[in-house]
Protein chains: 2
Amino acid sequence: MPKVTFFNLDPEKRQAVVEASVKEFAEHPYEQASLSRIVENCGIAKGSMYQYFEDKLDLYLYIVDLAYEQKRTYVSQAFSLDADIFTVLDEYYRQSYLFAKDFPLLHQVANNFWDSRVLLPQIEEGRIDRSRDFLKFLEVAIASGAVNPNLDPQAVFFVYHAVGKDLVDHFEQGANDEYIGQVLDVLRYGLQVRKED
Amino acid sequence: MPKVTFFNLDPEKRQAVVEASVKEFAEHPYEQASLSRIVENCGIAKGSMYQYFEDKLDLYLYIVDLAYEQKRTYVSQAFSLDADIFTVLDEYYRQSYLFAKDFPLLHQVANNFWDSRVLLPQIEEGRIDRSRDFLKFLEVAIASGAVNPNLDPQAVFFVYHAVGKDLVDHFEQGANDEYIGQVLDVLRYGLQVRKED
DNA sequence: AGAGGATGTGACTGGGTGGTCACACCATTG
DNA sequence: CAATGGTGTGACCACCCAGTCACATCCTCT
């Protein structure tokens with residue numbers, strides 16, 4: 001948590017600090033990110049930074065929080081949709097995509113955090129949260145008869161999460177709406193040919 | 001490429017250098033790996049290291065090569081199998097798993113390399129190679145009638161690759177044979193219920 | 001024995017890092 | 001006016017890094 005001094009700051013200055021930090025943590029994982037570069041980029045003194053934050057980690061976690069907060073405003077729309085599971089998943093991937101397109105730096109920050117090896121507990125916690133939501137959704141979908149009940153729910157979550165993560169990773173290389181649809185088709189229909197077709 | 005001096009070395013010493021380097025590059029991504037720690041761990045002088053390798057990057061790429069060479073001896077078995085695509089993919093994932101179990105440090109080295117941001121071209125090259133092999137296999141499988149021809153081959157590769165990578169990532173947390181089978185079931189049958197069942 | 005080339009060595013260089021601290025500044029009080 | 005306390009500052013500290021180099025050591029061939 002930032003110190004009170006940070007929130008007393010002139011908003012313009014505070015914004016400059018945030019922007020420079022976001023840029024740094026987007027371009028470098030935590031360990032390689034440099035406080036010296038950040039203060040250079042936003043034109044404040046090194047010492048000032050330590051009036052605002054406890055240390056480098058405190059600043060980092062604050063920036064990561066900002067990123068996930070913004071992301072949540074996008075993806076939460078998907079889960080509040082009153083539709084079948086395929087529509088929800090489609091929307092979820094699409095909202096992730098929009099977030100990455102609208103806030104590429106915040107997207108990178110979140111990505112770097114997920115890949116990081118510091119503070120595994122916090123990452124693991126987020127993973128469990130996401131898994132719970134997903135599994136609840138899956139249960140309903142199975143009960144409604146839309147989803148193949150022979151599959152292992154944990155394995156389904158694993159597959160969807162792995163694909164979603166990589167899908168987002170590759171947005172920078174220009175994945176588009178149509179491609180997302182095709183990827184989802186693979187997950188929906190499976191690889192094996194369907195006799196019914 | 002290491003210098004000739006390295007290959008003239010007493011094998012026992014050479015092994016010590018390799019082992020210490022593998023350990024370091026398994027525990028830290030390239031940028032954070034420390035030559036000072038390596039030489040400390042294998043008991044040779046810093047200067048000696050520069051008799052064996054051009055620089056840190058030279059050493060790193062040599063170690064990465066070792067890792068992939070070892071991995072290839074495992075996964076290549078899958079592709080030489082004369083079986084249907086599902087058996088081959090199953091075997092591919094399983095061999096990746098065995099490699100990670102038998103050589104956890106080399107597995108970590110390869111993983112770190114794949115996630116790294118240095119030398120993107122070399123990583124991209126490997127990605128294209130794997131994609132080519134996979135797509136060729138897929139073509140045959142579609143022609144043979146085993147695989148749903150309505151799916152986009154690029155999207156199929158994308159999904160399988162994403163899942164395979166995460167599957168391997170999580171081996172350390174104890175994924176097992178049965179779990180691999182269940183994950184593959186998800187990919188094979190898809191999420192949507194099959195009318196034929 | 002001596003010469004010469006290959007190899008081993010670790011103190012050192014220049015540059016980076018996160019974090020500190022004595023001091024300067026400034027606004028609000030009494 | 002003076003005093004107080006929150007805020008800004010950048011030189012500085014201790015530490016770590018990749019890479020160098022003058023020198024020591026060893027081996028082989030003459």
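In this text the structure is predicted, and so the values were computed from the model without any measurement. Labels below follow one simple rule: chain letters A, B, ... track the order of the sequence lines, proteins then strands, and each chain is numbered from 1.
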**Student:** In residues 38-53 of chain A, what donor-acceptor pairs under 3.5 Å come from side-chain atoms, sequence neighbours left out?
**Tutor:**
from     : atom 1 : to       : atom 2 : distance (Å)
Lys46(A) : NZ     : Ser36(A) : OG     : 3.4

**Student:** I need the CG-C1' distance between Asp58(A) and dG19(C), as an integer number of Å.
**Tutor:**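 It is 14 Å, rounded to the nearest whole Å.
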**Student:** Under a 4.0 Å N-O cut-off, is there an ion pair linking Arg94(A) with Asp90(A)?
**Tutor:**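 Yes, Arg94(A) and Asp90(A) are salt-bridged.
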**Student:** Send over the distance from Glu24(A) CD to dG18(C) C1', rounded to a whole Å.
**Tutor:**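 It works out to 13 Å between those atoms.
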**Student:** Thr87(A): which residues meet the side-chain contact (heavy atoms from CB on, under 4.5 Å) condition with it, sequence neighbours left out?
**Tutor:** Leu81(A), Ala83(A), Asp84(A)
**Student:** Can you sort out the partners of Asp82(B) under side-chain contact (heavy atoms from CB on, under 4.5 Å), two or more places apart, ordered by chain and number?
**Tutor:**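 Asp82(B) satisfies side-chain contact (heavy atoms from CB on, under 4.5 Å) with no other residue.
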**Student:** List for me each residue that meets salt bridge (charged side-chain N to carboxylate O under 4.0 Å, His left out) alongside Asp185(A), sequence neighbours excluded, and say none if there are none.
**Tutor:** none
**Student:** With sequence neighbours excluded, tell me which residues meet ring pair (Phe, Tyr, Trp, His ring centres under 6.0 Å) with Phe137(B).
**Tutor:**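 Checked Phe137(B) against ring pair (Phe, Tyr, Trp, His ring centres under 6.0 Å); matches are Phe79(B).
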**Student:** Which residues pass the side-chain contact (heavy atoms from CB on, under 4.5 Å) test with Glu19(A), not counting sequence neighbours?
**Tutor:**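 Once residues adjacent in sequence are excluded, the partners of Glu19(A) under the side-chain contact (heavy atoms from CB on, under 4.5 Å) criterion are Gln15(A).
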**Student:** Starting at the 5' end of DNA chain C, which residue's closest nucleotide do you reach first, Ile44(B) or Ser34(A)?
**Tutor:** Ile44(B)
**Student:** Let me check something: do Phe7(B) and Tyr60(B) share a hydrophobic cluster, defined by ILVMFWY side-chain heavy atoms less than 4.5 Å apart, either directly or through other members?
**Tutor:** yes
**Student:** Give the rounded distance in Å between these two atoms: NE2 of His28(B) and P of dA18(D).
**Tutor:**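 So the two atoms are 11 Å apart, to the nearest Å.
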**Student:** When we call it a touch if two heavy atoms are under 4.0 Å apart, what does Lys13(B) touch: a base, just sugar-phosphate, or nothing?
**Tutor:**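 Contact class for Lys13(B): sugar-phosphate only.
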**Student:** Could you label the plane-to-plane angle of the Tyr160(B) and Phe134(B) rings as parallel, tilted or perpendicular, counting under 30° as parallel and over 60° as perpendicular?
**Tutor:** tilted
**Student:** Give me the residues of residues 35-42 of chain B where at least one heavy atom lies under 4.0 Å from an atom of DNA chain C, by number, or none.
**Tutor:** none
**Student:** What nitrogen or oxygen pairs link the protein and nucleotides 20-26 of chain C at under 3.5 Å?
**Tutor:**
none

**Student:** Tell me, which of residues 4-11 of chain A have any heavy atom that sits under 4.0 Å from an atom in DNA chain D?
**Tutor:** Thr5(A), Asn8(A), Leu9(A)
**Student:** Separation of Arg14(A) atom CZ from dT7(D) atom C1', in whole Å?
**Tutor:**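 Computing the Arg14(A):CZ to dT7(D):C1' distance gives 15 Å.
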**Student:** side-chain contact (heavy atoms from CB on, under 4.5 Å) with Ala78(A): which residues, sequence neighbours excluded?
**Tutor:** Glu91(A), Tyr92(A)
**Student:** Could you work out how much the helix from dA1(C)-dT30(D) to dG30(C)-dC1(D) bends, comparing the axis of its first five pairs with that of its last five, to 10°?
**Tutor:**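 Overall, the helix from dA1(C)-dT30(D) to dG30(C)-dC1(D) bends by 30° from one end axis to the other.
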**Student:** Which pair of non-hydrogen atoms, one from Lys56(B) and one from Tyr30(B), has the smallest distance, and what is that distance?
**Tutor:**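 So the minimum-distance heavy-atom pair works out to NZ-O, 3.0 Å.
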**Student:** Please list, chain by chain and in numerical order, all residues satisfying salt bridge (charged side-chain N to carboxylate O under 4.0 Å, His left out) with Glu139(B), sequence neighbours excluded.
**Tutor:**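 So Glu139(B) forms no salt bridge (charged side-chain N to carboxylate O under 4.0 Å, His left out) with any residue.
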**Student:** Ignoring hydrogens and geometry beyond distance, is a side-chain donor-acceptor pair present between Asp102(A) and Tyr74(A) at under 3.5 Å?
**Tutor:**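 Tyr74(A) and Asp102(A) do have a side-chain donor-acceptor pair below 3.5 Å.
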